[in-house]
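What you see is a predicted model; the values in this text were computed from it and never measured. Convention: sequence-line order gives letters A, B, ...; per-chain numbering from 1.
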There are 2 protein chains.
Amino acid sequence: MSQQRNGQAAGAPDGAGFPDLPEATVARLPEYLRALHHLAETGFDTVSSEGLAAAAGVNSAKLRKDLSHLGSYGTRGVGYDVALLIAQIEHVLGLTQRRTVALVGVGNLGHALAGYGGFGTRGFRIAALFDADPGRVGEQINGLPVHDIRRLPEVVAAEAISIAVIATPAEAAQQVADQLVAAGVTSILNFAPCVLSVPDGVDVRKVDLAVELQILSFHEHRKSALTTLPSHPANGRVKIRPALNGEALAT
Amino acid sequence: MSQQRNGQAAGAPDGAGFPDLPEATVARLPEYLRALHHLAETGFDTVSSEGLAAAAGVNSAKLRKDLSHLGSYGTRGVGYDVALLIAQIEHVLGLTQRRTVALVGVGNLGHALAGYGGFGTRGFRIAALFDADPGRVGEQINGLPVHDIRRLPEVVAAEAISIAVIATPAEAAQQVADQLVAAGVTSILNFAPCVLSVPDGVDVRKVDLAVELQILSFHEHRKSALTTLPSHPANGRVKIRPALNGEALAT
DNA sequence: AGGCGTTTGTGAACGTACGCACAAACTCAC
DNA sequence: GTGAGTTTGTGCGTACGTTCACAAACGCCT
């Protein structure tokens, strides 16, 4: 029944008194983690909420509230211990154990993802590649062989894979998702531009590059409407007619 | 001063009586648009809010409220005219004119993005590729030549580019962003895992693949903690101690 | 030991977003 | 023309997220 739910409640469904993190906070923790790793490499032992907030690109009050949700260890008058905070966040995110990931669809994008080295340093290991195209099966990418999609259940079980990435064309995505769920995968990152329907208990997050560009396009449209239309008065019933005021952009 | 702001207010800064779209609505419009195109191809002339909501993976009430914000033309008792609604949304998103996009960084990911055909059908045209590596300059990808990054101002002006995609390593991203802004780009889609600092009036959206996986990891962690700990009541003051795991995955 | 400056953690106010539920508006059949 | 059925548009209650502002807690200097 459950359609795709990007912003699923992070909470335990039962009534346990578990410190539930707001979903918005969960989405920011990885940013903090990245900033913290950078600080650690730069030689910082401690950091103030102000400093970390700047490094992560957020408001310092928001950062403090976020960290307070995980009962964080800051020291008043000093700040946060960088190493300790890294350990805390990694623990909360479940990154203390390295997670194994399957990637389905070794086309243009899948190829790039398989070759991206950034995952290894952020707690993940791409453990298996799959494709339905017999022409691609057997190919090696970055030292990993491409399996036939039919071997999904076998490999998922053997490698203890719980997260999968779908990088197939949109037409194939739902079928792939079904196969993944049947094989025991419970978290899916979907790059295909389509809505996936999955059972309850399975999380889906979506990344659609065209959607991101279209959102930017909206703001671009808005900006240019503001700057280029010095006037364009009452025209009957046209919806949305940004109109007016030549506002000079900064720079 | 402005750090990166994904969720920027969509509103006109002045007091004009403009139908300001909530940012959350703007983020969903591209989803509706995709669903509508799919419906149009499938032969639908009209669609109810219920039907479109299902296709886009959202609640029907939310969809109706979103569409009402742009003064949309639905007909009570019938539904929405698919073609009309497509035109409306494309107009609001500024997609009536095809937007030209520059892509900086032709590495692993940039290569895949340059080769991705999906942009063309969604209102965008990748008009130019750039890289700082002299070894890559001159190379042809998908019929497009890779320019030296130093030709940025020239090409951006010639092609009337207002949106750019950064697919460089994190270390280079800020410098590239500065160059883009200097060249006149006012919207940036950033794939590099770092915070970009840009002047006011420039929009930045970020896509970080590792962040998406880490969010999934959190839920995964949560799920396994729930399934393996049938009970684990009041444990004093331990912050989040999901602990353990030898997860029995579903199915 | 005590006071001062700094920084965290959080209560409270505010704003935004969501979803229900219903009246208004429309089509269609007769 | 009238009534029945369908679907939109939206007012309202509620939940969530953000920001401000301040008291409590800490280090450090004297």
Side-chain angles (χ1 to χ4, degrees), chain A residues 1-11 19-29 31-32 36 39 44-82 84-85 88 239, chain B residues 2-11 19-29 31-32 36 39 44-82 84-85 88 215 237 239-240:
Chain A
M1 184 62 107
S2 87
Q3 289 273 339
Q4 183 167 307
R5 292 169 306 168
N6 267 16
Q8 183 197 9
D20 275 324
L21 305 195
E23 185 63 27
T25 296
V26 173
R28 282 188 294 263
L29 287 181
E31 298 291 339
Y32 303 156
L36 283 166
L39 286 169
F44 283 84
D45 288 336
T46 65
V47 64
S48 71
S49 66
E50 201 80 37
L52 181 54
V58 301
N59 178 307
S60 70
K62 189 165 13 184
L63 176 114
R64 286 199 298 277
K65 183 149 286 188
D66 283 342
L67 294 187
S68 78
H69 281 128
L70 34 101
S72 140
Y73 279 55
T75 314
R76 302 181 186 218
V78 177
Y80 298 91
D81 183 291
V82 172
L84 179 62
L85 198 49
Q88 277 282 329
K239 349 280 158 286
Chain B
S2 86
Q3 288 273 341
Q4 183 167 305
R5 293 168 307 166
N6 267 16
Q8 182 197 10
D20 275 323
L21 304 195
E23 185 63 27
T25 295
V26 173
R28 282 188 293 265
L29 288 181
E31 300 291 340
Y32 304 155
L36 283 166
L39 287 169
F44 283 84
D45 288 336
T46 64
V47 65
S48 70
S49 66
E50 202 80 36
L52 181 53
V58 302
N59 178 306
S60 69
K62 185 158 33 180
L63 177 120
R64 286 198 298 275
K65 185 154 289 187
D66 282 343
L67 294 187
S68 78
H69 281 129
L70 35 99
S72 141
Y73 279 53
T75 314
R76 305 185 184 211
V78 177
Y80 299 92
D81 182 292
V82 171
L84 179 62
L85 199 48
Q88 276 283 327
I215 295 172
R237 274 257 52 87
K239 326 296 158 285
I240 298 208

Q.
Using the side chain to side chain contact (heavy atoms under 4.5 Å, CB included) criterion, which residues pair with B/S68? Sequence neighbours excluded.
A. B/K65
**Q.** side chain to side chain contact (heavy atoms under 4.5 Å, CB included) partners for A/D45, two or more places apart
**A.** none
Q: Consider the side chain of B/E23, meaning its heavy atoms from C-beta on, and name the nucleotide among C/dA17, C/dG19, C/dT8 that approaches it most closely.
A: C/dA17
**Q.** Between P of C/dT8 and CG of A/L85, the distance in whole Å
**A.** 11 Å
**Q.** Whole angstrom value for the distance that separates P of D/dG17 from CG of A/L63
**A.** 16 Å
**Q.** Of A/G79 and A/K65, the one whose closest DNA chain C nucleotide lies more 5'
**A.** A/G79
(Q) If I take atom CG in residue B/L67 and atom P in nucleotide C/dA17, what distance separates them, rounded to the nearest angstrom? (A) 16 Å
Q. Counting only side-chain N and O atoms of A/Y80, is one of them less than 4.0 Å from OP1 or OP2 of C/dG9?
A. yes
Q: Scan B/A61 against the nucleic acid and name what it touches under 4.0 Å (heavy atoms): base, sugar-phosphate only, or nothing.
A: base
Q) Does B/N59 place a side-chain N or O at less than 4.0 Å from the phosphate oxygens OP1/OP2 of C/dA17? A) no
Q | B/L67 side, atom CG; B/Y32 side, atom OH - distance, nearest 0.5 Å | A | 6.5 Å
Q.
Tell me the interatomic distance from A/H69, atom NE2, to D/dT18, atom C1', rounded to whole angstroms.
A. 11 Å
Q.
Could you work out, with side chain to side chain contact (heavy atoms under 4.5 Å, CB included) as the rule, every residue matching B/S60, not counting sequence neighbours?
A. B/S49, B/E50, B/A53, B/R64
Q) What pairs with A/R28 under salt bridge (charged side-chain N to carboxylate O under 4.0 Å, His left out), at least two apart in sequence or on another chain? A) A/D66
Q.
What's the separation between atom CG in B/L36 and atom CG in B/D81, rounded to the nearest 0.5 Å?
A. 10.0 Å
Q: Would you kindly give the CG-to-C1' distance between A/L52 and C/dT6, to the nearest whole Å?
A: 17 Å
Q. How long is the line joining CG of A/D66 and P of C/dG9, in whole Å?
A. 12 Å
Q. Which atom pair, heavy atoms only, marks the closest approach of A/Y80 to A/Y73?
A. CD2-O, 3.9 Å
Q. Given D/dT7, is OP1 or OP2 found less than 4.0 Å from the side-chain N or O atoms of B/S49?
A. no
Q: Could you encode protein contacts along nucleotides 22-28 of chain C as a string, one character per nucleotide from 5' to 3', using B for base contact, S for sugar-phosphate-only contact and - for no contact, with a heavy-atom cut-off of under 4.0 Å?
A: --BBBS-
Q) Which whole-number value in Å describes the distance from A/K62 NZ to C/dA13 C1'? A) 17 Å
(Q) What is the separation between atom OH on A/Y73 and atom C1' on D/dC26, rounded to the nearest whole Å? (A) 16 Å
